[in-house]
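In what follows, chains carry the letters A, B, and so on, assigned in the order in which the sequence lines appear, proteins first and then strands, with residues in each chain numbered from 1. Worth saying up front: this structure is predicted, and the values here are computed from it rather than measured.
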Amino acid sequence: MSTVIPTFTAVCTFGYLAVPERQVSAMTTETLPPVTRFAPSPSGHLHVGGARTALFAWAFAKGRGGRFVIRIEDTDQKRSSDAASVGFLKDLEWLGIRWDEGPEFTAPDGTVVGGGPNGPYFQSERLAIYNRYLEQLLVEGKAYEAWDTAEELDAMRKAAMARKEAFRYRYRGAVSDAERAAFLAEGRQPVIRFRSPERDITIHDEVLGDATLPLGEVDDFVIRKKDGFPTYHFAVVVDDELMGVTHVLRAQEHFTNTAKHMVLQDALGFRRPVYGHLSIIKNPDDSKMSKRDKDKVLRKAVHDRAVTEPPMGTVSVEEWSQWLGDANIQLELEGAIRLGEALGVQLPEINVDDFRRSGYLPEVLCNFLALNGWSPGGDIEKFDNAFLRERFGLDRVMKTPAKFDRVKLLAFNTDAITGMDPVEFARRCREHAARFRPEFLEALDPSAFALLMKATQERSKTLDDPFRANGFLLVADDELGFSDDKNVRKALGIGAARADGARSGLDHLRALRDLLAGASDWSQAALEQLATAYAAEHAGGKIGAVAQPLRIGVSGSTVSPPIWDTLVLVGRDRALRRIDRCIAWSATLA
RNA sequence: GGCCCCAUCGUCUAGCCUGGUCCAGGACACCUCCCUUUCACGGAGGUAACGAGGGUUCGAAUCCCUCUGGGGUCACCA
């Protein structure tokens, strides 16, 4: 039996790629509108790396009058394929990335996204299609059944390793009917392997350039698993062809897989899409960004603080001990958030939804994501998806992995919020609160909510900041805690020596308390006027000397929105009650 | 380890293809000062990079080679 398969050892043809690079892109954009796709495996959440891939694929197609397709790669039966498995679709929609074809999805505004003529878009529903092509390859002798067990394969791999070689599976001759029957009788199930051509394979990549894999690097890989499902390699090739995909933009981890896809395309007589492989996104510490990073942070906090049992109301004791017992176990999201809060640690944002929860704007996230691995050139940094769509091209995609700098993201978000129309800011905050901070919508009437927005916009870095920092607005007056820290003591003048006759912060607070009680008008302007007049007379005109004690009195700490706004927000009765409690509390301080 | 790819401030990057205009530009971060009722914002200034070594050239961040470093991949996962 010859190991050479003459039917398809022909030189690898490049289809419509067989012309120089520049002409190719020109040609593909002029002759056929590009079709790109985003093809994730099922997941409830969209990872930022995936979001960037989707964003680029979307921008590429839409900027050239093409189509953007979503396909779910659920050929692994071990992964679930229920409705929750496409939870990530809402993340895409939130980012403003809409697909022309793919799973159906109803956006919050009622628009139905998805569907299309090339479905189904779940690979698990396309088995009949794959089997047709599998059959074709089998009949043509381009694929064959292989009967090796996992143990046998493992042994071969070990033997190869002992010889310091990479293991490559190759065709070992025909299996006779008798052998086949014997395998079957043993209960063995065959896989189908592709008979790879024995030649060098040159991958052409619009981002990374050409790369030639030497002969033998691509072995006879499995194209149908024992369970009857196609492997990723096979499904992806068939689907890209059938869905008319012209440009494949995907993560760099697929780069060498491309060779497998190319030989498959040749064997099936398929067209060859243009490939572009995107570098990965890393954490600032060089590790790969991963869902497990959240658990890592929590485990470290638990360990550092020697916490021995789950804080009240976080996770159950069973979950806790299981989680601590096995570093591979991930806490479910809500529990992780509660635990993070209880331990006072900030969980790293990994998924798109994490950033949404933290109060980032979708347009900023897109902008920033695009900047990690692509640049429009020159000094342009801030842009929206419309711009990206207009300008995005594979020629400016970075080859090197980028570290995801949340600090810079925050700075971008801050700029966007600071520059936002106040009405829009309030609208977005309300939306955010409805989803993540409902208690604020319940506790604050519309005018108070509006005032909070006005008072916090210019100091907010995220849509969550107006709420996160101002929990004191919601607590009952007699439950407000006053923080006993250096700044508080200093502002109140606790334990500080002072010149004869000079009033301490606490003295100011006492005096102000009575002035406030008798104020005729509880408005920002009136309150400021009142305090300014007092300060001129008793605090050497230093407004800070009276503002800080007041701030502590009503908010419990030295940080709050502008004090006059804060007073109005809290209201006179509550402010006075709080100040009284603060005065009483400070008496307990040495 | 085999194979493949990559390499500019701490970070994201511009410049590289078509060597000189680059003793390398922008942004974030950092430092100093200013503003200030807290926090934050804002304003002015500053520190900071072509991984190393060889070539080619009148001239190299830009072209070539070697080394070093980093990444990806070697599944019946995608």
Side-chain heavy-atom pair A:Val263, A:Phe194 within 4.5 angstrom cut-off: yes
Face-on cation placement of A:Arg157 at A:Phe167 ring, 6.0 Å and 45° thresholds: no
Touch class at under 4.0 angstrom, heavy-atom based, for A:Ser279 against every strand present: nothing
Atom-pair distance (CG on A:Asp395; P on B:A14), nearest Å: 11 Å
Touch class at under 4.0 angstrom, heavy-atom based, for A:Arg157 against every strand present: sugar-phosphate
Any residue of residues 248-261 of chain A with a heavy atom less than 4.0 Å from an atom of RNA chain B: A:Gln252, A:Glu253, A:His254, A:Phe255, A:Thr256, A:Asn257
Sugar-phosphate, base or nothing in reach of A:Glu217, heavy atoms under 4.0 Å: base
Annotated protein contacts, base or backbone, on nucleotides 34-51 of chain B with a non-hydrogen cut-off under 4.0 Å, one of B, S, - each: ---BBBBS----------
Atom-to-atom span, CE of A:Met262 to C1' of B:U73 - whole angstrom: 16 Å
Rounded interatomic separation in angstrom, taking CG from A:Leu410 and C1' from B:A29: 12 Å
Options B:C6, B:A14, B:U11, nucleotide nearest the side-chain atoms of A:Lys403: B:U11
Touch class at under 4.0 angstrom, heavy-atom based, for A:Asp227 against every strand present: nothing
Stacked cation flag A:Arg193 on A:Tyr169, 6.0 angstrom / 45 deg: yes
Sugar-phosphate, base or nothing in reach of A:His233, heavy atoms under 4.0 Å: base
Pair A:His233, A:His261: side-chain N/O donor-acceptor within cut-off below 3.5 Å: yes
Counter-base of B:C3, judged by Watson-Crick or G-U geometry with both distances under 3.5 Å: B:G72
Gap between atoms CZ and C1', on A:Phe404 and B:U13 respectively (whole Å): 15 Å
Any-strand Watson-Crick or G-U partner of B:U21, both distances under 3.5 Å: none
Atom-to-atom span, CG of A:Asp239 to P of B:A78 - whole angstrom: 13 Å
Out of B:A29, B:G71, B:G2, whichever nucleotide has its closest atom nearest the side chain of A:Lys282: B:G71
For A:Arg224 against A:Leu134, the heavy-atom pair lying closest together: CD-CD2, 3.8 Å
Proximity to the side chain of A:Asp405 - top-ranked nucleotide from B:C12, B:U11, B:A14: B:U11
A:Lys408 to A:Phe368, cation-pi by 6.0 Å centre distance and 45° axis angle: no
Syn or anti conformation of B:C65, syn meaning chi within 90° of 0: anti
Sugar-phosphate, base or nothing in reach of A:Phe412, heavy atoms under 4.0 Å: sugar-phosphate
Sugar-phosphate, base or nothing in reach of A:Met398, heavy atoms under 4.0 Å: sugar-phosphate
Residue A:Asp379, side-chain atoms from C-beta onward, closest of B:C76, B:G26, B:C74: B:G26
Any-strand Watson-Crick or G-U partner of B:U11, both distances under 3.5 Å: B:A27
Whether A:Phe38 and A:Phe88 hold their rings parallel, tilted or perpendicular, with breakpoints at 30° and 60°: perpendicular
Interatomic distance, A:Arg168 CZ vs B:G2 P [rounded to whole Å]: 12 Å
Watson-Crick or G-U counterpart of B:G42, or none if no pair lies under 3.5 Å: B:C34
Distance-only donor-acceptor check, side chains A:Ser460 and A:Arg468, under 3.5 Å: no
Sugar-phosphate, base or nothing in reach of A:Ile280, heavy atoms under 4.0 Å: sugar-phosphate
Distance, P atom - from B:C41 to B:U32, rounded to whole angstrom: 16 Å
Short side-chain to backbone donor-acceptor contact, A:Trp522 and A:Leu567, under 3.5 Å: yes
Sugar-phosphate only, base, or nothing, as touched by A:Gly373 at under 4.0 Å among non-hydrogen atoms: sugar-phosphate
Distance-only donor-acceptor test (3.5 Å): side chain A:Lys408, base B:A27: yes
Exercise: do A:Asp210 and A:Thr202 side chains pair donor with acceptor under 3.5 Å: no
Sugar-phosphate, base or nothing in reach of A:Val222, heavy atoms under 4.0 Å: sugar-phosphate
Salt bridge flag under 4.0 Å for residues A:Arg37 and A:Asp239: no
